[in-house]
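First comes the structure, then the notes that go with it.
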Amino acid sequence: MELRLQRVNPEEEAYPRRLRELGSKGRPPPLYILGQESLLNPKQALAVIGSRNADPQALQLAWEAGYYFADNGYAVVSGLARGVDLEATLGALEVGQAVAVVPYGLESLEARRALKRFGPYLEGKLVLVSELEPQVPWQARFAMMRNRLVVSLADAVLVAQTGLKETERDGRKVKSGTWDAVEKARQLGRPVFVLDLPLEGNQALIQAGLAEPLPPGREGFYRLEDRLFSGKEREKKPQAEVIQPPLFLD
């Protein structure tokens with residue numbers, strides 16, 4: 001398959017309706033994409049986000065969440081960062097579809113590296129999305145900027161693990177990217193859920209009232225679906241054999 005970079009403008013039919021429907025919350029940006037444009041408008045979409053340097057249990061649960069929701073017809077949205085985002089994407093690609101919003105242009109060096117790994121999935125299982133001009137390289141500020149797109153492209157947000165809202169690094173305060181995404185999601189009216197793990201950041205997010213806690217694993221995934229469908233019962237697949245996902249920590 002020859003990959004073709006596409007620019008999708010807000011007035012075009014292929015443009016993500018979830019972004020267009022934001023209306024007064026800001027003019028939606030033109031997007032550049034690699035992959036099948038129909039993935040920009042899935043029937044159901046869930047963002048799975050979290051820490052880069054996550055706990056092994058959180059990484060496994062992120063993979064399982066990606067797998068479960070993709071297997072049940074959701075497109076799994078992430079920022080494709082190392083850690084939780086990557087694991088959720090890999091889990092989703094085992095059985096279904098994913099949307100990855102990246103913090104660099106899609107003809108940059110970073111994009112070429114990503115394509116070496118994810119190129120085979122772009123024939124229908126994955127779409128890469130960026131609001132940056134194609135040649136723009138990665139910058140730290142773009143990693144935070146993409147959060148709004150990640151949560152905008154989903155119907156709800158699931159946090160597998162987060163650190164505290166702010167930490168001190170080299171004598172200055174640094175804000176958590178996951179907290180930033182959660183705050184943006186709430187501003188946009190997206191429901192936010194967090195795995196109720198005994199981790200400092202997760203518990204702080206719950207105590208702040210910014211996310212609804214979910215029990216880890218299938219019970220939590222079922223509860224999330226029920227909440228999204230106004231408490232109506234949904235047909236659930238039989239409990240599958242426990243899968244041990246590979247952990248990609250590089």
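Heavy-atom basis, side chains included; hydrogens, waters and symmetry copies ignored.
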Exercise. If you measure only the distance, is there a donor-acceptor pair under 3.5 Å linking the side chains of Thr162 and Trp179?
Worked result: yes
Exercise. Quick one: do Asp85 and Arg52 make a salt bridge, cutoff under 4.0 Å?
Worked result: no
Exercise. Per the side chain to side chain contact (heavy atoms under 4.5 Å, CB included) rule, which among Lys43, Gln97, Gln44 passes with Tyr74?
Worked result: Gln44
Exercise. Taking the side chain as C-beta and beyond, is there a heavy-atom pair between Leu158 and Leu224 under 4.5 Å?
Worked result: yes
Exercise. For the rings on Phe142 and Tyr104, is their centre-to-centre separation under 6.0 Å?
Worked result: no
Exercise. Can you list the steps and then say if Arg82 with Asn53 is a side-chain hydrogen bond (donor to acceptor under 3.5 Å, both in side chains)?
Worked result: CA-CA 8 Å; Arg82 171 174 54 84; Asn53 299 310; 2.6 Å; yes
For this session: Could you tell me whether the side chain of Glu225 reaches within less than 4.5 Å of the side chain of Phe69, counting heavy atoms only?
Result: yes
Problem set entry | Tyr32 side chain reached by Val136 side chain, heavy atoms, under 4.5 Å | no
Exercise. Got a sec: does the CD of Gln139 have more than 12 other heavy atoms crowding it under 6.0 Å?
Worked result: yes
Exercise. Between Leu214 and Gly220, which heavy-atom pair has the shortest distance, and what is it?
Worked result: CD1-O, 3.7 Å
For this session: Report the residue from Val194, Asp55, Asp196 that forms a side chain to side chain contact (heavy atoms under 4.5 Å, CB included) with Asn202.
Result: Val194
Exercise. Is there a donor in the side chain of Tyr15 and an acceptor in the side chain of Arg20, or the other way round, less than 3.5 Å apart?
Worked result: no
Exercise. If you look at every heavy atom in Ser78 and Val48, which pair is closest and at what distance?
Worked result: CB-O, 3.8 Å
For this session: Could you tell me how the ring of Trp63 sits relative to the ring of Tyr67: parallel (under 30°), tilted (30 to 60°) or perpendicular (over 60°)?
Result: parallel
Exercise. So, Arg112 and Glu107, do they make that salt bridge, N to O below 4.0 Å?
Worked result: no
